[in-house]
Amino acid sequence: MLKKRIIPCLDVNNGRVVKGVNFIDLIDAGDPVEQAKIYDAEGADELCFLDITASSDNRQTLLDTVQKTAENCFIPLTVGGGVREIIDIKNLLHAGADKVSINTTAVTNRSFVQQAAEKYGTSTIVIAIDAKRDAQNNWEVFTHGGRNSTGMNVIDYCQEVESLGAGEILLTSMDKDGTKSGFDLELLKKVTSKLNIPVIASGGVGTLEHFAEGILEGGANSVLAASVFHFGQLKIKDVKRYLADKNIPVRI
Amino acid sequence: MKIAIINYGYGNLHSVNKAFEKANKDFNLNAKIEVTNNPDHINKADKIVLPGVGSFFDCLNAINSIDGVFETLQEQVINKQKCFMGICVGMQLLADIGYENGENNGFGWVSGSVEKMKASPNYKIPHMGWNTINFKNSHLFKDINENSDFYFVHSYEFKTVEENILASTNYASKITAAIKKNNIFGTQFHPEKSHKNGQQLIKNFIDW
């Protein structure tokens with residue numbers, strides 16, 4: 001049986017892991033390669049790196065980090081942040097990434113999604129979406145690290161990128177991110193019920209129960225978390241044991 | 001013992017190379033591992049690995065665009081019967097025909113076709129993540145526990161006859177997880193991304 005994946009996410013800025021509350025107030029949480037090795041040993045099913053500044057001058061720093069991580073961790077690695085051109089995807093895959101996540105450029109240039117999927121295969125292309133709830137209880141797509149509003153509906157956008165060849169959606173609730181108050185389950189349910197591709201739930205995990213809710217209620221195929229793992233509040237092993245007790249299939 | 005990992009510009013070469021090097025070192029195997037697309041080097045190798053990430057069509061074109069690589073593989077694997085391992089698309093390419101991005105002829109080394117998997121609400125496509133495999137008795141799965149998990153990521157499956165199937169997994173229906181025909185071995189999952197089980201499998205291939 002296919003297992004639900006637990007994915008620790010490392011937000012990387014200039015070669016260092018950071019994690020903030022609602023995308024601001026970043027706090028240093030260490031060296032990404034060391035952190036990745038710990039997660040690998042603890043039983044993470046996959047790792048995710050998001051280069052949150054992604055300015056052109058620290059591109060090489062990111063590629064070095066990806067390369068060192070891939071040399072030490074024998075589990076899948078998804079890398080995103082600042083992916084704008086086909087060459088960015090090529091460089092990341094060459095450095096050792098298994099999947100590449102695209103956020104802003106997928107919004108501004110839809111044909112890029114199609115081009116990327118055709119060239120490197122659907123399974124390699126993850127579309128990362130920052131979603132924010134509006135006053136009418138709809139969700140809007142935001143770009144540029146959550147700074148820019150697009151006026152686009154999240155559900156429509158998800159279906160569009162799926163049809164263009166996206167292999168997976170990394171769905172982050174901006175309202176929940178960093179709050180440790182649980183996933184936005186309504187958003188998750190809406191998205192997972194409409195799509196034929198897997199969805200990674202992100203934003204809001206604070207307790208063991210939240211992981212189970214994201215899978216059982218939200219319908220997520222994977223759950224991603226950052227702060228709870230970085231600061232040692234929860235261990236991956238404990239999360240998996242908890243989920244296994246709830247009869248959720250996990251790799252132990 | 002020399003192992004050639006074929007570089008045709010596709011696939012996660014770096015990861016495959018590092019996983020082979022780690023297994024080689026941790027199990028004290030003394031193999032020499034080289035990433036290459038030079039026919040002379042491939043000729044001198046004792047074992048050959050064909051990785052693959054991307055589409056059937058693009059991978060096929062990429063191999064055919066490098067002078068002499070396909071002919072060398074054919075000579076070494078089919079005529080000289082050297083041990084061969086294809087990973088993911090590197091296994092799918094061995095089929096007679098593939099239906100990803102059009103209809104294209106594969107190597108035709110292992111009879112069968114590569115067809116799109118069908119999505120349903122409970123079975124999203126790509127089939128992505130860790131899934132349990134069932135395998136037949138073989139040196140290649142030596143010291144690997146029954147019902148072990150391996151990492152899969154694919155939207156197309158290799159349909160072949162039962163005698164070519166060495167391992168299978170369940171995802172809505174029975175899916176080919178590994179094939180074996182004489183000296184030819186292939187996995188749909190990624191041993192280089194399958195942590196300790198993957199390391200053991202790579203070790204088993206190196207001393208196959």
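Chain letters run A, B, ... following the sequence lines, proteins first and then strands; every chain starts at 1.
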From [X] [atom1] over to [Y] [atom2], what is the distance, rounded to the nearest 0.5 angstrom?
X      : Y      : atom1 : atom2 : value
A/S123 : B/F152 : OG    : CZ    : 13.0 Å
B/Y151 : A/E46  : OH    : CD    : 4.0 Å
B/S155 : A/N196 : OG    : CG    : 11.5 Å

Could you tell me whether the side chain of [Y] reaches within less than 4.5 Å of the side chain of [X], counting heavy atoms only?
X      : Y      : answer
A/E168 : B/K124 : no
B/P126 : A/T122 : yes
B/M128 : A/N221 : no
B/V53  : A/T124 : yes
A/D40  : B/H195 : yes
A/F74  : B/K196 : no
A/E71  : B/E21  : no

If you tally heavy-atom pairs under 4.5 Å against chain B, which of [options] wins?
options               : value
A/V250, A/T192, A/D45 : A/D45
A/L195, A/V199, A/D98 : A/D98
A/H94, A/E118, A/K119 : A/K119

Next item on the list: Sort A/R251 into side chain, backbone, both or neither according to what part of it lies under 4.5 angstrom from a heavy atom of chain B.
Entry: both
Item checked: A/A95 portion near chain B, given a 4.5 angstrom heavy-atom threshold -> backbone
Crowded around [X] [atom1]? As in, over 12 foreign heavy atoms under 6.0 Å?
X      : atom1 : result
A/D245 : CG    : yes
B/E71  : CD    : yes
B/N137 : CG    : no

Do any N or O atoms from the side chain of [X] and from the backbone of [Y] form a donor-acceptor pair under 3.5 angstrom?
X      : Y     : value
B/K193 : A/I75 : yes
B/N131 : A/M1  : yes
B/W130 : A/L2  : no

Margin query: Please classify the contact between B/H127 and chain A as side chain, backbone, both or neither, with a heavy-atom cut-off of under 4.5 Å.
Written below: side chain
Check: Is chain A contacted by the side chain of B/T132, its backbone, both, or neither, given a heavy-atom distance below 4.5 Å?
Finding: both
Notebook entry, point to check: Of all of B/D58, B/V16, B/T169, B/D149, which one pairs up most often with chain A through heavy atoms under 4.5 Å apart?
Noted result: B/D149
